[in-house]
Novice: 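Before we start, here is the structure in question, set down as structure tokens.
Below, chains carry the letters A, B, ... as their sequence lines are ordered, and counting in each starts from 1.
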There are 2 protein chains.
Amino acid sequence: MIDRLPHTLRSDALDNRERILDAARALFSADGLGVPMREIARCAGVGPATLYRHFPTKQVLATEAFADQLRACRTIVDQGCADPDPWRGLCLVIEKICELHARDRGLGEAFLTAFPGAPDVAGREYTVKAVAGLAQRAKDAGHLRSDFVLDDLILILMANKGIHSRSTDTQVTASRRFAGLAIQALKASPQHAPLPPAARLVSTPS
Amino acid sequence: MIDRLPHTLRSDALDNRERILDAARALFSADGLGVPMREIARCAGVGPATLYRHFPTKQVLATEAFADQLRACRTIVDQGCADPDPWRGLCLVIEKICELHARDRGLGEAFLTAFPGAPDVAGREYTVKAVAGLAQRAKDAGHLRSDFVLDDLILILMANKGIHSRSTDTQVTASRRFAGLAIQALKASPQHAPLPPAARLVSTPS
DNA sequence: ACGCTAACGGACGCCCCCGTCCGTTTGGCT
DNA sequence: AGCCAAACGGACGGGGGCGTCCGTTAGCGT
């Protein structure tokens, strides 16, 4: 059971909560979601019980820890959508999101494997729709290849997640180059051959 | 210590060895290298001790289990190199290798994460050199973008590994589409902007 | 048919992670 | 200053994977 009535945490409890979130952010970013809960606790200087009291499950902890990053994702998408040139906006989205995922290992995992059955993280549906609109405009403008489907973006993000490297720097460099290649692949071109059929990677909500 | 002198296995031992390899192939393919050794043993109908006696380490087991697949990789590369049109050959290599990795989850893991410190698996160096030659020819022919580097191929394979899906079919479909996009990205084009710098993903042997 | 030894596999001890309980500490209010 | 409950954290039991030991089984050569 979780504490119910107080709703006002004691100062030390609040402090611990914050230190736990910091530790979680750091460790998730560096090592992914695989890190043991106790490691996070140790790193935050608290006992395991305290950690579990604040965040009964890793899922909850991760959701809270990544709240900022997910907001950042939404901001990026909004920026892209705001760009008067939809193609440039789409490129920006791809580049920025890839970089974000490259810098934060846990984010990519949380974002895509998405904790199978995670609740709608930070308005995913809204974001998806926004990107879909952006893509349509880029298509209409003749910059985005006409056989593009939204699943291709998921495909690219999943693929980006597959790029792992020892150092974060290498990771980011590689991810940037990958984004460049991806953009080239998506660019409308008179010479391109038809693509193999797309796969349904995510169930598009009705 | 490993058995030394006999060099000729008893019939039942040989039989078990084969069943273990079969089980390993099946499980590695379906679930990746993460499967517990005991699971492989159970699936092969032998005790853990027997498994360990035949293959003292998971590394050894995987190497043996993937011998065929790695040979297949080399064959694909050889086929690609044999094609009179180097660009078509390179495309074939990309498509086939991506598909192979999509069908066999363990292979991708073994191939790239490459058991950090694994011995030269099935003549990796030779294969790498062959592909490098193929790429150079494709570049000279003006079909492959001139700023391509070999690390881009690694990048693509790593990225392909990042594509996961519940069903193998979806996985393969997605991987095929990804390969198509990758090829489009690598195609020489008058309109393409310069790419971000490449990352050193593998230490190229001298 | 018989024995010898290669080969087997159940069982063990080790370690790591998980989630929880309960005795102890300490912040905050009077 | 003193109380009390909120908050803490060490310690526990459970589960799972790993690699190994040793008593038992069964191929194979005579």
Side-chain angles (χ1 to χ4, degrees), chain A residues 1-24 27-28 30-65 106 109-110 113 115-117, chain B residues 1-24 26-28 30-65 105-106 109-110 113 115-117:
Chain A
M1 284 299 121
I2 310 174
D3 310 338
R4 269 282 158 259
L5 286 177
H7 270 342
T8 159
L9 288 131
R10 230 167 62 179
S11 67
D12 57 341
L14 203 90
D15 202 54
N16 280 333
R17 189 189 151 81
E18 222 38 61
R19 276 217 311 287
I20 290 171
L21 278 174
D22 284 344
L27 290 174
F28 282 153
D31 305 333
L33 299 180
V35 287
M37 288 293 256
R38 308 185 100 77
E39 174 88 10
I40 297 173
R42 212 173 311 136
C43 185
V46 302
T50 300
L51 173 51
Y52 281 108
R53 193 172 311 112
H54 283 288
F55 308 96
T57 177
K58 190 182 272 189
Q59 148 95 258
V60 171
L61 175 57
T63 304
E64 298 252 8
E109 295 176 25
T113 71
F115 271 123
Chain B
M1 282 300 121
I2 309 174
D3 309 338
R4 269 281 159 259
L5 286 177
H7 271 340
T8 161
L9 288 130
R10 234 166 61 179
S11 67
D12 57 340
L14 204 88
D15 202 54
N16 279 334
R17 187 190 153 82
E18 221 39 61
R19 278 216 310 288
I20 290 172
L21 277 174
D22 283 344
L27 291 174
F28 282 153
D31 305 331
L33 299 180
V35 287
M37 289 292 258
R38 309 186 99 78
E39 174 89 10
I40 297 173
R42 212 174 311 137
C43 186
V46 303
T50 301
L51 173 52
Y52 282 108
R53 192 171 314 109
H54 282 290
F55 307 96
T57 178
K58 190 181 273 190
Q59 148 95 256
V60 170
L61 174 58
T63 304
E64 298 252 7
R105 197 170 148 198
E109 296 176 23
T113 71
F115 271 122

Novice: Could you state the CD-C1' distance from A/Glu39 to D/dG9, rounded to the nearest angstrom?
Specialist: 17 Å
Novice: When you check the phosphate oxygens OP1 and OP2 of D/dA7, does a side-chain N or O of A/His54 lie under 4.0 Å from one of them?
Specialist: no
Novice: Does A/Met37 or B/Thr50 map to a spot on DNA chain C nearer the 5' end, using the closest nucleotide for each?
Specialist: B/Thr50
Novice: Within less than 4.0 Å of OP1 or OP2 of D/dA7, is there a side-chain N or O belonging to A/Asn16?
Specialist: no
Novice: Using modelled atom types only, decide if a donor and an acceptor are shared between the side chain of A/Thr50 and the backbone of A/Val46 within a distance under 3.5 Å.
Specialist: no
Novice: Please identify each residue that fulfils side chain to side chain donor-acceptor pair (under 3.5 Å) with B/Asp31, with sequence neighbours left out.
Specialist: none
Novice: How many whole angstroms separate atom CG of B/Asp15 from atom C1' of C/dC8?
Specialist: 13 Å
Novice: Could you tell me the separation between the CG atom of B/Leu51 and the C1' atom of D/dC18, rounded to a whole number of Å?
Specialist: 11 Å
Novice: Quick check on DNA chain D: between B/Thr57 and A/Arg17, whose nearest nucleotide comes earlier from the 5' end?
Specialist: A/Arg17
Novice: With side chains defined as the heavy atoms from C-beta onward, is the minimum distance between B/Thr57 and B/Tyr52 less than 4.5 Å?
Specialist: no
Novice: Between the side chain of B/Lys58 and the main-chain N/O of B/Val35, is any donor-acceptor distance below 3.5 Å?
Specialist: yes
Novice: I'd like to compare against my own output: the B/S/- annotation of nucleotides 20-30 of chain D with a strict under-4.0 Å heavy-atom distance to protein.
Specialist: BB-----SS--
Novice: Please examine the side chains of B/Phe55 and B/Glu64, heavy atoms only from C-beta on, and report whether any two atoms are closer than 4.5 Å.
Specialist: yes
Novice: May I ask you to verify if any side-chain N or O of A/Lys58 is less than 4.0 angstrom from the OP1 or OP2 atom of C/dG19?
Specialist: no
Novice: Indicate, with a heavy-atom threshold strictly under 4.0 Å, whether A/Gly45 touches base, sugar-phosphate, or nothing.
Specialist: sugar-phosphate
Novice: Within a strict 4.5 Å, meaning less than it, do heavy atoms of the A/Leu61 and A/Ile40 side chains meet?
Specialist: yes
Novice: Can you tell me the distance, in whole Å, between the CG atom of B/Leu61 and the C1' atom of D/dC18?
Specialist: 15 Å
Novice: Quick one: B/Phe55 CZ to C/dA7 C1', roughly how many Å, whole number?
Specialist: 14 Å
Novice: So, B/Glu109 side chain and B/Gly32 main chain: donor-acceptor pair closer than 3.5 Å or not?
Specialist: no
Novice: Grab the CD1-C1' distance between A/Ile40 and C/dC18 for me, whole Å please.
Specialist: 13 Å
Novice: Whole Å only: how far is the CZ atom of B/Arg42 from the P atom of C/dA11?
Specialist: 14 Å
Novice: Rounded to the Å, how far apart are B/Gln59 CD and D/dC18 P?
Specialist: 15 Å
